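A quick write-up on the structure given underneath.
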Amino acid sequence: MSEKEYDLIVIGGGPGGSTAASFVAMAGHRVLLLEREWFPRHQIGESLLPVTIHGICRLLGVDEEIERANFTRKQGGTFRWGKDQEPWTFSFANTWLLSGQGADYAFQVERSRFDEILLRHAGRKGVDVREGHTVLDTIQEAGRTVGVRFTDASGRPQRARARFVIDAGGHNSKIHQHAGERVFAKFFQNIALYGYFENGKRMPSPNEGNILCVAFDEGWFWYIPLSPTLTSVGAVVSKDRYAETFKLGHAGAFQSFVDACPLIKEYLNGARRVTEGPYGIFRVRKDYSYCNTRFWAPGLLLVGDAACFIDPVFSSGVHLATYAALLVARTVNTLLRGTLDAHACTSEFETRYRSEYVAFYDFLVGFYDMLQDEKSYFWSARKVLGTNEADQQAFVRLVAGGATTAEDFLEMRGAKRAFLEEYVASRTRQESPEEFFARYSNASFDANAFTQNLRRGRVEVLAQATQGETRAEDLPVREGGLVPSRDGFHWVTPAKEGT
Ligand code: FAD
């Protein structure tokens, strides 16, 4: 059997895989992407963040095609969440989360269409895209990944070799085991049950395209307007209530959640559930909150859900996958060029990716902690889980680095919750983020560091996409660390910058 040689093999053609493949092909390298499905294929993860559209898609050169695709424009998010019984809204145009510059909206996307646009674009950028090709495992030689074994579209076994393999095979991937162990987050041990509806209610303008998230006693709902008439509606509930609740069947369980959530019931009043095609069934996702102990091993790198995911509530999944794709492309491009050693580049990738994950993880724990009905099983169980140190220990070590203990972590939780509650209250009072930060103080909690961490990855990508080589000098994120090259697609040592 002949073994074709590439510079890079990418497993999986979701946003993480096609973005990484494109960025490496754009640097002139030979890239093979193996995707087991035929696109378009269904996927969840429909609510995007502005950085994906105005940062990553722009860098890929696919932003105009995305603009023309007629996806629902998302100005921000509307939440019935926390103390306030009234829904509150944040808009990307007016929040500390974003640096602005025309990048103040995102899209709600049908992932089948969005992912296909990115995959076809990768093909146009020179990636050898093969659908209907399933990777079975990697090829290992002397402790290094040197290629993959796969079946082609006719089911025939094949092999291909490459200097690097990226696993972007999503949550079902098994390849990540070659890099480390998948550790599950106890805190977010939930289950999502979702379906699609025609003619659900819309929020008044200008928020009609917003994601609506509604906390209720059993958990929370997402309500994502995918077109003027089509809506994705999902209930996130406790995993330990799975068996009991699901005795009713998916439709019965879903209806019982809707009945328990007056706002979603009102929005679905008069709507019709889609019962045909890819949207015509209820789907369930569980065990989706985890992080790998390592994101790389010699010759192998992980991005997207193959490496980690947290929780659907703040639309972070596609951002984490595509941000990691940019980081991994810098790593592979630099190593293929041979200008820096492997340890420096892979450590830079791992450090930046993990810190972006941790920033979102921290934020989401604080967000879940915001005051909900203490009598509710779901919300009080989150608090019990959070205070069960033994349960949290393994995960805390992973997200907080060696020094921080579960006790420190739990102490910080209260401060994050208080900060987010204050911030939300300030927004409903129409206070600007600047006014809020000028007056907010809490001696035990560094609000600026918290928000800087949350912004850093996104600010970096937006600066590269919108200002290119005229952007301000990039700073290392740790002592002795690397920075992006001026073209943004390689790593360099800070001292070499500009040479
Ligand atoms: P995927 O999109 O899963 O793509 C992986 C690809 O790899 C697939 O096409 C698969 O067919 C292919 N593949 C797998 N194994 C193989 C193999 N062996 N050989 C070849 N190909 C293979 N994110 C958001 O941004 N916004 C949201 O609103 C949001 N909501 C969510 C709701 C829920 C309930 C869940 C669970 C997640 C949600 N997410 C959301 C997260 C989002 O779905 C993922 O983070 C995102 O899809 C990750 O992209 P990816 O490219 O890593 O993986």
Side-chain angles (χ1 to χ4, degrees), residues 9-21 32-53 56 74 77 106-112 114-116 118-119 122 129-138 148-153 158 165-176 188 190-195 211-213 219-224 226 232-237 283-290 302-325 328 353 357 360 364:
I9 296 172
V10 177
I11 306 166
S18 51
T19 300
L32 172 68
L33 186 153
L34 301 170
E35 164 57 54
R36 74 172 166 209
E37 307 274 346
W38 295 92
F39 277 32
R41 59 93 177 87
H42 176 82
Q43 177 58 293
I44 191 61
E46 296 144 331
S47 194
L48 302 187
L49 293 179
V51 64
T52 304
I53 306 302
I56 296 293
K74 172 187 175 186
F107 291 115
Q108 318 282 18
V109 298
E110 292 186 68
R111 283 286 302 276
S112 52
F114 179 77
D115 289 12
E116 185 172 23
L118 294 192
L119 189 69
V129 174
R130 307 279 182 89
E131 289 163 85
H133 285 54
T134 301
V135 172
L136 306 174
D137 206 348
T138 57
V148 296
R149 293 190 298 110
F150 60 98
T151 50
D152 65 17
Q158 303 278 359
V165 172
I166 293 176
D167 179 16
H171 66 288
N172 279 328
S173 162
K174 300 282 179 278
I175 306 292
H176 65 87
F188 292 108
N190 300 328
I191 191 161
L193 169 65
Y194 66 98
I211 184 171
L212 172 65
C213 293
W220 64 275
F221 267 102
W222 77 71
Y223 189 94
I224 301 175
L226 293 175
S232 162
V233 187
V236 176
V237 299
R283 295 174 193 261
V284 174
R285 285 285 303 272
K286 59 185 163 110
D287 299 329
Y288 49 68
S289 190
Y290 52 76
L302 317 180
V303 301
D305 281 9
C308 56
F309 179 61
I310 312 166
D311 186 81
V313 74
F314 234 83
S315 312
S316 59
V318 173
H319 161 60
L320 281 170
T322 52
Y323 176 61
V328 87
Y353 189 8
Y357 178 85
F360 272 90
L364 295 182

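Just follow the structure's listing: the first ligand is 1, and inside any ligand the first atom is 1. All values derive from a computational prediction rather than experimental measurement.
Qualifying ring-ring contact (aromatic ring centres under 6.0 Å, His included) partners for Phe150, counting only residues two or more places apart in sequence or in other chains: His133. For Ala21, the side chain to side chain contact (heavy atoms under 4.5 Å, CB included) test picks out Val10, Val31, Leu33, Val127, with sequence neighbours left out. Residues meeting the side-chain hydrogen bond (donor to acceptor under 3.5 Å, both in side chains) test with Asp152, sequence neighbours left out: Arg156, Gln158.
Aromatic ring orientation, Trp222 versus Tyr194: tilted (interplanar angle from 30° to 60°).
Ser173 and Asp167 share a donor-acceptor pair across their side chains, judged by distance under 3.5 Å alone.
The 4.0 Å heavy-atom shell around ligand 1 contains residues Ile11, Gly12, Gly13, Gly14, Pro15, Gly16, Leu34, Glu35, Arg36, Glu37, Phe39, Arg41, Gln43, Ile44, Gly45, Glu46, Ser47, Arg111, His133, Thr134, Val135, Ala168, Gly169, Gly170, Ala192, Trp222, Arg285, Tyr288, Gly304, Asp305, Phe309, Pro312, Ser315, Gly317, Val318, Ala321, ordered by chain and number.
Under the 6.0 Å cut-off for aromatic ring centres, Phe360 and His319 qualify, their centroids lying closer than that.
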